[in-house]
Protein chains: 2
Amino acid sequence: MQKQDRPPFPPNAALAPARGRPRAFDREAALAQATRLFWRKGYAATSIADLTEAMGIGSPSLYAAFGSKETLYAEALDWYGRRYEALVWANFAAAGTAREAVEALLMDSAAALTGSCGADDPLGCMVTLSAVGSEGHAELGDRVRSSRALALKRVEERLGRAVADGELAASADVHGLARFVLAVQGGMSLQARDGASRADLEAVARVTLSGWDAQVSAGRHREQRLPDKPA
Amino acid sequence: MQKQDRPPFPPNAALAPARGRPRAFDREAALAQATRLFWRKGYAATSIADLTEAMGIGSPSLYAAFGSKETLYAEALDWYGRRYEALVWANFAAAGTAREAVEALLMDSAAALTGSCGADDPLGCMVTLSAVGSEGHAELGDRVRSSRALALKRVEERLGRAVADGELAASADVHGLARFVLAVQGGMSLQARDGASRADLEAVARVTLSGWDAQVSAGRHREQRLPDKPA
DNA sequence: CTGTTTCTGCATCGATCGATACATAAATCG
DNA sequence: CGATTTATGTATCGATCGATGCAGAAACAG
């Protein structure tokens, strides 16, 4: 129902002859600014006037290029994923063991969530902290919820593989462990937004991993001989 | 700058003769409805029209009784604390050991955050999930941040006492452990808002406590003989 | 050049935002 | 009773909300 940014054909935009007056601003840079603003203030508290000021364009240009506030937010979510997802998930995916994957996820999160990667990015994770689903925007809400569900699925899948590999006991609560890991990561986002430092969050990660190690070995002990908690 | 609800003198409101036309609505019930709405939708996404409809009053009555949207939100935070804080912190405070206190905190949170106490309350913690500080309302932001900081201080204080009692090793990272426990609780709020069940969150709590037990004993082991992780 | 297409800046749309003015109603005081 | 005080209901305030109309500018095709 809304004209897209440059028609979809030809698929290679570089070959499009670009009819009409060319755009006077960098669409990518403007989207980056919009993303940072939504990230920092949330959807409802960010006005079109805020956006046009941060993006350095007029409102007709914004609507011509991005359609509406809702579709701009959706594009901002996509851009955020493309730009930041690898910071937290690349080492997770490359790790040889579930233990190392979780360690990478939490330690990399401690850095990314406190702005230790990008220069002056907002604190915490835009997707984790987004409350757009509670603000009456069902479509955007589904989007962020499914992103968060995907993260849970990734960890569950990795832990399931660890069970298949024998790294984790077959009796391990894969779903509970996955929810636990993402609960810690989500809590790190909340604390980052309140000003926790990278070192603060790394301490959280260390405690988590110590518990992970001990629980896994305790689980094996329990599996072999102990019916109750060790201490 | 704003007339309070009934003058502060005499201090006992029941003895006040109540001059003028009496209020036609239950202030407490109206505040409860306002709290639920702010809790569910957040500050920015909740309009005065939403509030007056939910509270069943006209806007002049709202302003006469509560001052402004900001002061109403502040009162809602107070009311939320009075009404729900004990659900999560009473058993924590009464527990004989730090281990039992943390267990109580997380298990009671699993119930409260999923609406297993009140009938149809919103999901997750209003204070934990409040983003009002990022939405450009500094005063309210300080309020929720200090509430969250108080929770951290409570856990730190309890863990510090556990170290003094000998329950935890003197080498235990009290700050990191406290941040860890609250990160898990915060993550539980996020997952509750996404629809996680009480059983889901209790699984998270169990994993956390297993790790706690194992880490504490591992810490003691390390303190006594082992320089590295057990497994 | 003319015609077509697309983007930009100015002005502004109707709707809704948070917040009130005002007249009236309902209570107490004297 | 009238005088005073406070709350309510209607109607509305100026400001801002998200979103556009429109004329001119800047590129293309012919």
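In the text below, chain A, chain B and the rest are named by the order of the sequence lines, each starting its count at 1.
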J.: Run the side-chain contact (heavy atoms from CB on, under 4.5 Å) test against B:A34 and tell me which residues pass, sequence neighbours left out.
T.: B:L51, B:M55, B:L72
J.: Let me know the distance between CG of B:L72 and P of C:dA19, rounded to the nearest Å.
T.: 10 Å
J.: Side-chain polar contacts of residues 122-132 of chain A - donor-acceptor pairs under 3.5 angstrom, sequence neighbours left out - could you list them?
T.:
unit_1, atom_1, unit_2, atom_2, d
A:S130, OG, A:Y73, OH, 2.9
A:S130, OG, A:V132, N, 3.3

J.: If you check the B:R21 side chain, which of C:dG18, C:dA25, D:dA26 turns out closest?
T.: C:dA25
J.: Compare the minimum distances between each of D:dT8, D:dC17, D:dA27 and the side chain of A:P22, then state the nucleotide with the smallest one.
T.: D:dA27
J.: I need the NE2-P distance between A:H137 and D:dC17, as an integer number of Å.
T.: 14 Å
J.: Considering only heavy atoms, which members of residues 53-62 of chain A lie under 4.0 Å from some atom of DNA chain D?
T.: A:S59, A:P60
J.: So, applying side chain to side chain donor-acceptor pair (under 3.5 Å) with A:H137, which one of A:E70, A:R143, A:K69 is it?
T.: A:E70
J.: In whole angstrom, what separates B:E135's CD from D:dC17's P?
T.: 14 Å
J.: Nearest whole angstrom, please: distance from the P of D:dG18 to the CG of A:L140.
T.: 14 Å
J.: Distance check needed: C:dT16 P versus A:I48 CD1, whole Å only.
T.: 16 Å
J.: Residues in side-chain hydrogen bond (donor to acceptor under 3.5 Å, both in side chains) with B:T114, at least two apart?
T.: B:S116
J.: Once you round it to whole Å, what is the distance between C1' of C:dT16 and NZ of B:K69?
T.: 12 Å
J.: With a non-hydrogen cut-off below 4.0 angstrom, is A:T46 in contact with a base, only sugar-phosphate, or nothing?
T.: sugar-phosphate
J.: Under 6.0 Å between ring centres, would you say that holds for A:W79 and A:F38?
T.: no
J.: I want to verify a distance call: between C:dC17, C:dA19, C:dC29, whose nearest atom is closest to the B:R19 side chain?
T.: C:dC29
J.: Rounded off to whole Å, could you give me the CG-to-P distance for the A:L37 and D:dG18 pair?
T.: 11 Å
J.: To the nearest angstrom, how far is A:Y63 atom OH from C:dT12 atom C1'?
T.: 14 Å
J.: Could you list the residues that satisfy salt bridge (Lys or Arg N to Asp or Glu O under 4.0 Å) with A:K41, not counting sequence neighbours?
T.: A:D50
J.: Taking only residues two or more places apart in sequence, or in another chain, which ones meet B:E139 in a side-chain hydrogen bond (donor to acceptor under 3.5 Å, both in side chains)?
T.: none
